[in-house]
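Remember, predicted model here, so these are calculated numbers, not experimental data. If you read the sequence from its start, that first residue is 1, and numbering goes on from there.
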Amino acid sequence: MYDLPGEADVAIMGCPSGVDFEVSHDMSGQGVVIQANDDRAWRAGWPEWRAAVFGFADEVSAFYAASSPKQPYDGEDTKGFHKFEAEWKRRRGRPLGHAA
């Protein structure tokens with residue numbers, strides 16, 4: 001998580017030990033297109049996509065709530081993490097680590 005000065009959101013880069021997908025808005029405006037590195041693609045409408053993202057976000061928040069307290073590594077990590085928490089609350093409507 002990186003704090004981008006002057007931006008409300010953090011930048012979150014891909015994980016080197018996982019699989020990255022590109023998610024973009026469907027040109028029709030009806031949802032998103034999820035593109036894999038091997039050129040496979042899936043379409044999801046907004047209600048389906050929103051439910052999937054919120055469901056995943058709620059699982060992450062529950063995991064975070066059940067974990068031991070975390071301390072960012074340094075000043076830059078601390079800034080990025082606090083900005084991430086603020087973005088989470090703004091987008092999800094409740095703080096990170098709180099039940100749905």
* Path from Phe84 to Phe56 over hydrophobic side-chain contacts below 4.5 Å -> yes
* Determine the minimum heavy-atom distance between Ser61 and Pro95, stating which atoms define it. => OG-O, 4.0 Å
* Mind listing the closest non-hydrogen atom pair of Glu48 and Arg43 along with its distance? => OE1-O, 4.5 Å
* Flag the pair Trp46 / His25 as yes when their ring centroid distance falls below 6.0 Å, and as no otherwise. => yes
* Take Arg92 and Asp58, measure what side-chain contact (heavy atoms from CB on, under 4.5 Å) needs, and give me the verdict at the end. => CA-CA 9 Å; Arg92 192 63 188 110; Asp58 291 345; 2.9 Å; yes
* Asked: Is the shortest heavy-atom distance from the side chain of Asn37 to the side chain of Phe21 under 4.5 Å?
  -> no
* Asked: Are Val53 and Phe63 linked, directly or through other ILVMFWY residues, by side chains that come within less than 4.5 angstrom of each other?
  -> no
* Answer yes or no: does atom CD of Gln35 have more than 12 heavy-atom neighbours from other residues, nucleotides or ligands under 6.0 Å? => yes
* Output, in order, the C-alpha distance, side-chain angles, deciding distance and verdict of side-chain contact (heavy atoms from CB on, under 4.5 Å) for Ile34 and Arg40. => CA-CA 8 Å; Ile34 303 107; Arg40 291 179 297 154; over 6 Å; no
* Asked: What's the shortest heavy-atom distance between Trp88 and Leu96, and which atoms?
  -> CD1-N, 3.5 Å
* Structure fact -> Of all heavy-atom pairs linking Gly97 and Ala65, the shortest is O-CB, 3.0 Å
* Ion pair check, Lys83 and Asp9, cut-off under 4.0 Å -> no
* Asked: Which atoms form the tightest heavy-atom contact between Val10 and Glu87, and what is the distance?
  -> N-OE1, 2.9 Å
* To do: Look at the side-chain heavy atoms of Ile, Leu, Val, Met, Phe, Trp and Tyr, link any pair under 4.5 Å apart, and say whether Val23 and Ile12 land in one connected group.
  => no
* Parallel, tilted or perpendicular: rings of Tyr64 and Phe81 (30°, 60°) -> tilted
* **Atom OH of Tyr2: over 12 foreign heavy atoms under 6.0 Å** => no
* To do: Tell me, with the steps shown, if Val32 and Asp26 meet side-chain contact (heavy atoms from CB on, under 4.5 Å).
  => CA-CA 5 Å; Val32 296; Asp26 185 333; 5.8 Å; no
